[in-house]
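The analysis underlying the following values was restricted to heavy atoms, covering all of them including side chains, and did not include hydrogens, waters or symmetry mates. Remember, it's 1-based here, ligands and their atoms both numbered in the order they're listed.
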Amino acid sequence: MSKVTIPKLQEMKAKREKIAMVTAYDYTFARLLDEAGADVLLIGDSLGMVIQGRPNTLGVTLDHMIYHSHCVANGTRRAHVVCDLPFLSYHASHEDAIRACGLALKKGHAEAVKLEGGEEMAATVKLLVSMGIPVMGHVGLMPQRVQQMGGYKIQGRGKEAAKKVLNDAKSIAQAGAYAIVVEGVPMELAQKITATLDIPVIGIGSGVHCDGQVLVCYDLLGMYPEFSPKFVKKYADLGQGITSAVRTYIAETKSEQFPALEHSFSDKS
Ligand code: KIV
């Protein structure tokens, strides 16, 4: 088992070896996803929805992110661990951004941070990178801007909009980001971004041509029925599996089939 590092991810792009990234929010999931061979575990601010039950990611705080990041780091051996910076934790000032990254890396034990934004965030990214903070960018559909977008809508459709997303991606790469998430853009645009940038481009809802893919673990495992967009492939139906297992436990408890003798202690055993 060799640890996935930033140079390793860049080498994977060069060798056209696809990068598999998935979100994780706690120790047990991190251990399982790491053992399965995920290259990157992202503590996504999507935890606001799938863990906290909020309608979007906007209410997630830095404290929430750090708590979950530490849990994930405890369960990870091989994967590269990235912590999302939540909404407005890195916008007001460069001091805020540095402080948020410091907490994510020192208290959250993440190996890198991810932040949403295009050209307007390039100066912040440049400063963070100059201080030795590894930054993953996130352009295209930026969930922290859901109110401005009027919903989770595909971005970069049409010549002008595509030019803007490409320019955003280039600005973040030039500022020194080591990788970038491109979310919710047409696959032709994602292909162009992937071919243009030297850094790994991780797609979500952006087609097959990216250097890698990321999905929310609860989506791919079929545990979050509230959200099933076209780009999500369900690899299991654990939601049904959990409900059915717990129904059986409840029934057996009520009918006194559980606990059986083998689950019980006596004076002799
Ligand atoms: O918050 C998140 O989970 C994300 C990914 C899905 C890219 O940003």
Practice item. Measure the spacing between CD1 of I133 and CD1 of I98 and express it to the nearest 0.5 Å. Key: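 Those atoms lie 6.5 Å apart.
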Point to revise | Which residues share a salt bridge (Lys or Arg N to Asp or Glu O under 4.0 Å) with K233, sequence neighbours left out | key: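 With sequence neighbours excluded, K233 shows a salt bridge (Lys or Arg N to Asp or Glu O under 4.0 Å) to no residue whatsoever.
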Exercise for review: Classify the ring geometry between H70 and H109 as parallel (under 30°), tilted (30 to 60°) or perpendicular (over 60°).
Suggested key: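 Judged by the thresholds at 30° and 60°, the geometry between H70 and H109 is tilted.
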Table of N or O contacts for ligand 1, cutoff 3.5 Å:
| residue | atom | partner | partner atom | Å |
| --- | --- | --- | --- | --- |
| ligand 1 | 1 (O) | D45 | N | 3.2 |
| ligand 1 | 1 (O) | D45 | OD1 | 3.0 |
| ligand 1 | 1 (O) | S46 | N | 3.0 |
| ligand 1 | 1 (O) | S46 | OG | 3.3 |
| ligand 1 | 1 (O) | D84 | OD2 | 3.1 |
| ligand 1 | 3 (O) | S46 | OG | 2.5 |
| ligand 1 | 8 (O) | K114 | NZ | 2.9 |

Under 3.5 Å, side-chain donor or acceptor atoms of residues 35-55 against the rest of the protein: list the pairs with distances, not counting sequence neighbours.
| residue | atom | partner | partner atom | Å |
| --- | --- | --- | --- | --- |
| D39 | OD1 | R78 | NH2 | 3.2 |
| D39 | OD2 | A20 | N | 2.9 |
| D45 | OD2 | Q144 | NE2 | 2.7 |
| S46 | OG | Y25 | OH | 2.7 |
| Q52 | OE1 | R54 | NE | 2.7 |
| Q52 | NE2 | H64 | ND1 | 3.1 |

**Study point:** Pair listing, salt bridge (Lys or Arg N to Asp or Glu O under 4.0 Å) test, anchored in residues 113-135, at least two apart
**Key:**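 Found D84-K114, E120-R145.
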Review point. Is there a donor-acceptor pair closer than 3.5 Å between any side-chain N or O of K3 and the backbone N or O of A79?
Key: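 At least one qualifying donor-acceptor pair exists.
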